[in-house]
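A short worksheet on the structure shown next.
Note that this is a predicted model, so its numbers are computed, not measured. Excluded from the calculations below are hydrogen atoms, water molecules and symmetry mates; all remaining heavy atoms, backbone and side chain alike, are included.
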Amino acid sequence: MRSIQDGLKRGLKGDTGVNWARPESIHLTLKFLGEIDPERVGGIAAELEGAGMSRPGFTVSAGGVGGFPNLKTPRVIWVGIEQSPELKGLHSDIDERLGNIGFEREERGFTPHLTLCRIKSMADSRALGRLASDIKAEKMLDFKADSFILFESRLGPKGAAHTAVRTFPLRGGTENAYQATEKP
């Protein structure tokens with residue numbers, strides 16, 4: 001991921017309108033909960049634990065660069081995650097379980113991705129969109145998903161800071177969040 005970010009940064013003439021994701025904070029969001037009452041964490045954790053114990057670990061593959069809403073004028077540049085049946089099933093299970101305790105279910109389709117940057121200026125948006133369109137990032141990273149994490153996020157001047165609240169092993173998994181191997 002860092003090499004793609006570095007390539008995009010080199011292609012920009014100044015990036016004052018770009019918030020780059022810190023490599024150590026890049027993650028795959030299965031469900032965004034928004035601001036929650038701390039008293040609800042126990043119920044959320046119980047549902048997430050059930051989702052984890054009902055599904056085996058699996059391999060996740062990342063590759064390809066895209067943008068939201070598109071690469072012509074992106075507000076976000078990302079690396080895509082292959083939509084495997086296992087990942088889709090875990091996402092659906094979490095969405096369903098948390099829907100049962102009052103969280104809104106997802107209306108839009110699940111687009112698994114790793115955010116590289118968020119873009120504030122239109123000039124940077126067009127420039128980064130062109131640069132990202134030229135990247136031929138096919139399958140570049142595989143990792144074994146044997147657990148997932150409930151994070152607390154707090155926005156600060158340097159972007160979001162993520163703190164792990166609890167790790168949920170997938171059936172047969174361990175407490176390790178993932179084991180990544182970047183492809184050359």
Side-chain angles (χ1 to χ4, degrees), residues 1-33 55 57-92 94-95 106 108-151 153 155-156 158-164 167-168 170 173 176-184:
M1 301 312 129
R2 179 173 279 187
S3 62
I4 294 174
Q5 284 180 316
D6 290 345
L8 292 170
K9 287 177 186 179
R10 279 192 303 274
L12 275 182
K13 294 176 176 73
D15 63 353
T16 56
V18 181
N19 287 333
W20 296 96
R22 292 183 312 276
E24 66 275 8
S25 71
I26 293 175
H27 62 278
L28 167 61
T29 300
L30 293 168
K31 174 116 179 123
F32 181 76
L33 302 179
R55 302 196 165 271
F58 55 94
T59 299
V60 177
S61 297
V65 177
F68 292 131
N70 56 54
L71 280 178
K72 187 172 182 177
T73 54
R75 305 303 288 160
V76 172
I77 302 271
W78 47 260
V79 169
I81 298 290
E82 186 178 306
Q83 182 81 272
S84 69
E86 296 88 357
L87 178 59
K88 188 173 183 171
L90 178 60
H91 170 264
S92 295
I94 289 171
D95 193 47
E106 285 294 325
R108 57 188 171 176
F110 179 48
T111 306
H113 64 280
L114 306 171
T115 298
L116 299 178
C117 67
R118 296 183 185 282
I119 308 161
K120 294 181 277 187
S121 86
M122 188 56 75
D124 286 333
S125 174
R126 286 190 292 270
L128 278 170
R130 282 191 299 275
L131 291 167
S133 293
D134 291 338
I135 295 173
K136 303 296 182 232
E138 295 175 12
K139 188 173 172 182
M140 65 170 67
L141 176 75
D142 283 341
F143 59 91
K144 175 73 173 158
D146 59 9
S147 63
F148 59 95
I149 302 171
L150 174 62
F151 279 106
S153 297
L155 285 178
K158 294 184 178 181
H162 305 292
T163 304
T167 299
F168 302 94
L170 295 168
N176 295 328
Y178 60 84
Q179 186 174 31
T181 309
E182 197 150 354
K183 302 285 184 185

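No donor-acceptor pair closer than 3.5 Å links the side chain of S125 to the backbone N or O of S121. With hydrogens and angles disregarded, no donor-acceptor distance shorter than 3.5 Å links the side chain of D6 to the backbone of K9. Side chain of Q83 to main chain of F110: a donor-acceptor pair is present (N/O by atom type, distance under 3.5 Å, no hydrogens or angles).
For the atom pair CG (L28) and CD1 (I81), the distance works out to 5.5 Å, reported to the nearest 0.5 Å. Taking CG of D124 as the start and NZ of K120 as the end, the distance is 9.5 Å to the nearest 0.5 Å. Atoms CZ and CD1, from R126 and I119 in turn, are 11.5 Å apart once rounded to the nearest 0.5 Å. Considering NZ of K31 and CD1 of I94, their distance stands at 9.5 Å, rounded to 0.5 Å. The CG atom of L87 sits 10.0 Å away from the CZ atom of R55 when rounded to the nearest 0.5 Å. Atoms CG and OG1, on L150 and T167 in that order, are 9.0 Å from each other to the nearest 0.5 Å.
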Check step by step if side chain to side chain contact (heavy atoms under 4.5 Å, CB included) holds for T115 and I26. CA-CA 7 Å; T115 298; I26 293 175; over 6 Å; no
Take V18 and L8, measure what side chain to side chain contact (heavy atoms under 4.5 Å, CB included) needs, and give me the verdict at the end. CA-CA 11 Å; V18 181; L8 292 170; over 6 Å; no
Test side chain to side chain contact (heavy atoms under 4.5 Å, CB included) on F148 and L170 and set out the steps. CA-CA 8 Å; F148 59 95; L170 295 168; 3.9 Å; yes
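Looking only at side-chain heavy atoms (C-beta outward), C117 and Q5 stay at 4.5 Å or farther from each other. Side-chain contact check for L71 versus L128: every heavy-atom pair is 4.5 Å or farther apart. Under the 4.5 Å side-chain criterion, counting only non-hydrogen atoms from C-beta, M122 is in contact with T73. For the pair I77/V65, a side-chain contact is recorded, criterion being any heavy-atom separation below 4.5 Å from C-beta on. No side-chain heavy atom of L114 sits under 4.5 Å from any side-chain heavy atom of W78. Counting heavy atoms from C-beta on, the side chains of T163 and F151 never come closer than 4.5 Å. In this structure, S61 and L141 have side chains that are not in contact, with every pair of non-hydrogen atoms separated by 4.5 Å or more.
Applying the salt bridge (Lys or Arg N to Asp or Glu O under 4.0 Å) test to every pair with at least one member in residues 108-119, sequence neighbours left out, gives these pairs: E106-R108.
Looking at every heavy atom in both residues, H162 comes nearest to S153 through ND1-OG, 2.8 Å. G63 approaches V79 most closely through the heavy-atom pair N-CG1, 3.8 Å. The two atoms that bring R2 and P23 nearest to each other are NH2-CG, 3.1 Å, heavy atoms only.
When only modelled atom types and interatomic distance are considered, S25 and H27 share no side-chain donor-acceptor pair under 3.5 Å. Judged by distance alone, the side chains of D142 and T59 never bring a donor and an acceptor atom under 3.5 Å apart.
Residues forming a side chain to side chain contact (heavy atoms under 4.5 Å, CB included) with P69 (at least two apart in sequence, or on another chain): R75. For E86, the side chain to side chain contact (heavy atoms under 4.5 Å, CB included) test picks out F58, S84, with sequence neighbours left out.
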